[in-house]
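Input: a single structure, listed below in structure tokens.
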Amino acid sequence: MPTEVPYAADAEMSLTYDELEVLRLQYQKELAQDHVTTQTKFNFAWGLVKSPVHEHQVEGVKLLQDIYRHEPLRRRECLYYLALGYYKMGNFEEASKFNSLLMEKEPSNLQAQSLAQLINKSAAREGYIGMALVGGAAAIGTLVLAGLIRRARK
């Protein structure tokens, strides 16, 4: 079995504008009637999280958090999309937290395993970039300090 299973395809695939608009219109219709079903809220959140637009992802995560808090029977199905939403927003710590909760409940969940790989790779890449920036800043600081010391000696 390859180590790179493509089960977390949701990380790269998004809905078309028209598909997301159908979900948005249903959500707004129910909102106007003062009764949004959990399924409609979940469907809209799912579409928003899959979007490449950061603001959509934030809104989708907020809706999923609301479902997670208020609908105990729907928590498990929210976990993956909360993890995915945080992953897509670049918040790898929260993504890992929600994905780990899902993997505790379903250790053989291939989507969660695949998403864990993506989260870990992205977090490591972000860590390397951070170390490179810190290292570069330290090198520049050292050069500036050395130049100041030389000037002070003259």
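The chain is numbered in sequence order, starting from 1.
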Joint cluster assignment, Leu23 & Ile67, ILVMFWY side-chain distance < 4.5 Å: yes

Minimum-distance pair of heavy atoms, taken over all atoms of Leu63 and Ala45: CB-CB, 3.7 Å

Exercise: identify the closest heavy-atom pair between Leu82 and Leu64: CD2-CB, 3.6 Å

Beyond-backbone contact of His56 with Leu20, side-chain heavy atoms, under 4.5 angstrom: yes

Linked, directly or transitively: Phe42 and Tyr27 (ILVMFWY side chains, under 4.5 Å): yes

Within 6.0 Å of CD in Gln33, more than 12 heavy atoms from elsewhere: yes

Nearest heavy-atom neighbours spanning Ser14 and Ser51: CB-CA, 4.0 Å

Any donor-acceptor pair under 3.5 Å from Ser114 side chain to Leu110 backbone: no

Hydrophobic cluster identity match, Tyr80 and Met103, side-chain contacts under 4.5 Å: no

side-chain contact (heavy atoms from CB on, under 4.5 Å) evaluation trace for Glu94 with Val61: CA-CA 11 Å; Glu94 286 296 306; Val61 164; over 6 Å; no

Pair Gln26-Glu30, side-chain donor/acceptor within less than 3.5 Å: yes

Separation of Arg75 CZ from Lys105 NZ (nearest 0.5 Å): 8.5 Å

Pair Glu59 + Lys62, salt bridge at N-O below 4.0 Å: no

Phe98 and Tyr86 aromatic ring geometry - parallel, tilted or perpendicular at 30°/60° bounds: parallel

Under 3.5 Å: donor-acceptor pair, side chain of Gln113, backbone of Pro107: yes

Approximate separation, where rounding is to 0.5 Å, of Ser96 OG and Leu118 CG: 12.0 Å

Within one Ile-Leu-Val-Met-Phe-Trp-Tyr cluster: Leu48 and Leu31, side-chain cutoff 4.5 Å: yes

Contact summary for Ala112 and Leu102, nearest pair of heavy atoms: CB-CD2, 3.8 Å

Spacing of Glu104 atom CD and Leu79 atom CG [to the nearest 0.5 Å]: 9.5 Å

Results of side-chain contact (heavy atoms from CB on, under 4.5 Å) for His54 - residues two or more places apart only: Gln57, Val58, Met89

Glu106-Asn109 side chain donor-acceptor pair, cut-off 3.5 Å: yes

Those residues that, when tested against Glu21, pass salt bridge (Lys or Arg N to Asp or Glu O under 4.0 Å) (two or more places apart): Arg24

For Ile119 against Phe92, the heavy-atom pair lying closest together: CG2-O, 3.7 Å

Nearest atoms (heavy-atom pairs only) where Ala83 meets Asn99: CB-N, 3.6 Å

